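Taking it in order: structure first as structure tokens, then the write-up.
Since the model is a prediction, treat every value here as computed from it, not as a measurement. Naming: A, B, ... by sequence-line order, numbering from 1 per chain.
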Number of protein chains: 2
Amino acid sequence: MKKAHGKLIFGTFLKDRGLRFTKERSVILQKTLSCSGHFDPESLYLQIREAGLKASRASVYRTLSILCECGLIERVKKTERGTIYENMFGHEHHDHMLCIQCGNLIEFYSEELERLQEALCKKQGFQGTGHNLEIRGYCRKCRKKKR
Amino acid sequence: MKKAHGKLIFGTFLKDRGLRFTKERSVILQKTLSCSGHFDPESLYLQIREAGLKASRASVYRTLSILCECGLIERVKKTERGTIYENMFGHEHHDHMLCIQCGNLIEFYSEELERLQEALCKKQGFQGTGHNLEIRGYCRKCRKKKR
DNA sequence: ATAAATGCAAATCGTTTGCAACGGA
DNA sequence: TCCGTTGCAAACGATTTGCATTTAT
């Protein structure tokens with residue numbers, strides 16, 4: 001999936017269902033695609049305002065929903081600060097260990113895990129587009145402190 | 001970790017920091033421990049009321065926080081309907097594939113995945129207590145519909 | 001007795017929605 | 001022109017919090 005095609009994909013998706021490609025949607029699409037990796041609605045909105053562009057929070061939320069529907073972005077997870085989205089052009093990994101004591105987040109990548117997931121998907125006839133593994137527990141430091 | 005010890009663990013935890021073991025906390029602890037697996041604050045609250053017991057929503061929320069701190073339960077994930085908690089006596093698996101088209105949730109279990117996670121934790125000096133793998137994508141049905 | 005906990009209602013915060021004005025097609 | 005879209009502000013739903021009252025210790 002090439003970045004330059006985002007606009008085309010979105011445009012086609014909209015036309016197909018009689019929706020309109022407005023200035024606001026264009027701005028939001030653009031900012032969304034230029035995010036490398038994760039983002040949330042509020043910071044996207046602020047980014048738009050800082051850039052002197054125009055789009056209300058309501059339009060940001062509404063447009064993000066459509067972008068999800070057409071597969072250009074995905075809702076990755078919910079946090080206390082809101083929903084985290086992911087631009088599907090960024091091929092990031094979301095595997096991490098979260099310390100439930102100190103909140104420390106240890107990100108990691110495992111080729112073996114990737115392979116395993118592919119195998120699991122194939123078994124279910126599932127076409128994976130992204131994933132997110134969270135292992136909760138105690139990090140090295142907090143393990144020591146515990147006793 | 002044996003269920004009968006929940007009260008002891010909680011009681012000790014409270015005493016240690018000068019907090020009190022109130023009727024409400026006792027009720028909430030009890031209902032929490034008797035949940036097999038997942039639950040959310042609202043349904044726990046309703047369960048309490050249906051049982052003719054007494055504890056306000058505020059107390060439920062406040063107590064769940066403490067139970068998290070002392071490790072008897074864990075916040076597993078946030079959804080549109082609220083936070084999902086897990087009673088740590090239930091050793092459930094949280095691995096699933098989520099269809100981003102139809103919302104279908106396919107739960108699965110993989111021994112290989114469990115082993116791999118243990119290995120990854122060991123490498124990081126991390127003591128895992130629970131995990132949650134979400135693979136997003138298109139389920140068999142929606143894959144067909146797509147074209 | 002004293003500090004902590006409770007219940008309630010009001011406050012927050014992210015997100016959604018109703019509606020009148022606006023603007024692509 | 002004809003709907004779809006926008007921005008705003010009000011509505012929402014989950015969670016938190018201020019406060020006067022109750023209660024464990």
Worksheet entry | A:R62 (side chain) and D:dG4 (base): donor-acceptor pair under 3.5 Å |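 Side chain to base: no pair below 3.5 Å.
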Practice prompt. Classify the side chain of B:R81 and the base of D:dA14 as holding, or not holding, a donor-acceptor pair under 3.5 Å.
Written response: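 Flag unset: no donor-acceptor pair detected.
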Given atom [atom1] of [X] and atom [atom2] of [N], what is their separation to the nearest angstrom?
{"X": "B:L64", "N": "C:dA5", "atom1": "CG", "atom2": "C1'", "value": "15 Å"}
{"X": "A:F21", "N": "C:dG23", "atom1": "CZ", "atom2": "P", "value": "18 Å"}
{"X": "B:Y45", "N": "D:dA14", "atom1": "OH", "atom2": "P", "value": "13 Å"}

For [N], does either OP1 or OP2 sit under 4.0 Å from a side-chain N or O belonging to [X]?
{"X": "A:Y61", "N": "C:dT15", "result": "yes"}
{"X": "B:R20", "N": "C:dA3", "result": "no"}
{"X": "B:S59", "N": "C:dG7", "result": "yes"}
{"X": "A:R57", "N": "D:dA9", "result": "no"}
{"X": "A:T83", "N": "C:dT15", "result": "yes"}
{"X": "B:K23", "N": "D:dA24", "result": "yes"}
{"X": "A:K78", "N": "D:dA14", "result": "no"}

Discussion item. Under a 4.0 Å threshold between the charged nitrogen and the carboxylate oxygen, would B:E134 count as salt-bridged to A:K77?
Written reply: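 No, A:K77 and B:E134 are not salt-bridged.
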Worksheet item: Taking the six-membered ring of B:F13, is the NZ or CZ of B:R17 close enough (under 6.0 Å from the centre) and on axis enough (within 45°)?
Response: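 Yes; both conditions hold, so B:R17 lies above the ring face of B:F13.
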Worksheet entry | B:K54 side chain, from C-beta outward: closest of C:dT15, C:dG7, C:dA4 |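 Of C:dT15, C:dG7, C:dA4, C:dG7 is nearest to the side chain of B:K54.
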Item to complete: Measure from the side chain of B:A58, starting at C-beta and using heavy atoms only, and say which of C:dG7, C:dA5, D:dT5 lies closest.
Response: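 Comparing C:dG7, C:dA5, D:dT5 against the side chain of B:A58, the answer is C:dG7.
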Practice prompt. Select base, sugar-phosphate, or nothing to describe what A:K15 touches, counting heavy atoms under 4.0 Å on all strands.
Written response: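 Result for A:K15 = nothing.
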Fill in: Comparing A:T22 and B:I84 on DNA chain D - which has the more 5′ nearest nucleotide
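Going by which nucleotide is closer to the 5' end, it is A:T22.
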Discussion item. Distance alone, cut at 3.5 Å: any donor-acceptor contact between the side chains of B:N132 and B:H96?
Written reply: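 No donor-acceptor contact under 3.5 Å links the two side chains.
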Discussion item. Within the structure provided, determine whether A:T12 and A:F21 are in side-chain contact (heavy-atom separation under 4.5 Å).
Written reply: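 Contact flag for A:T12/A:F21 side chains = no.
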Discussion item. Do A:C35 and A:L44 have side chains that approach each other closer than 4.5 Å (heavy atoms only, starting at C-beta)?
Written reply: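 Yes, close enough: below the 4.5 Å cut-off.
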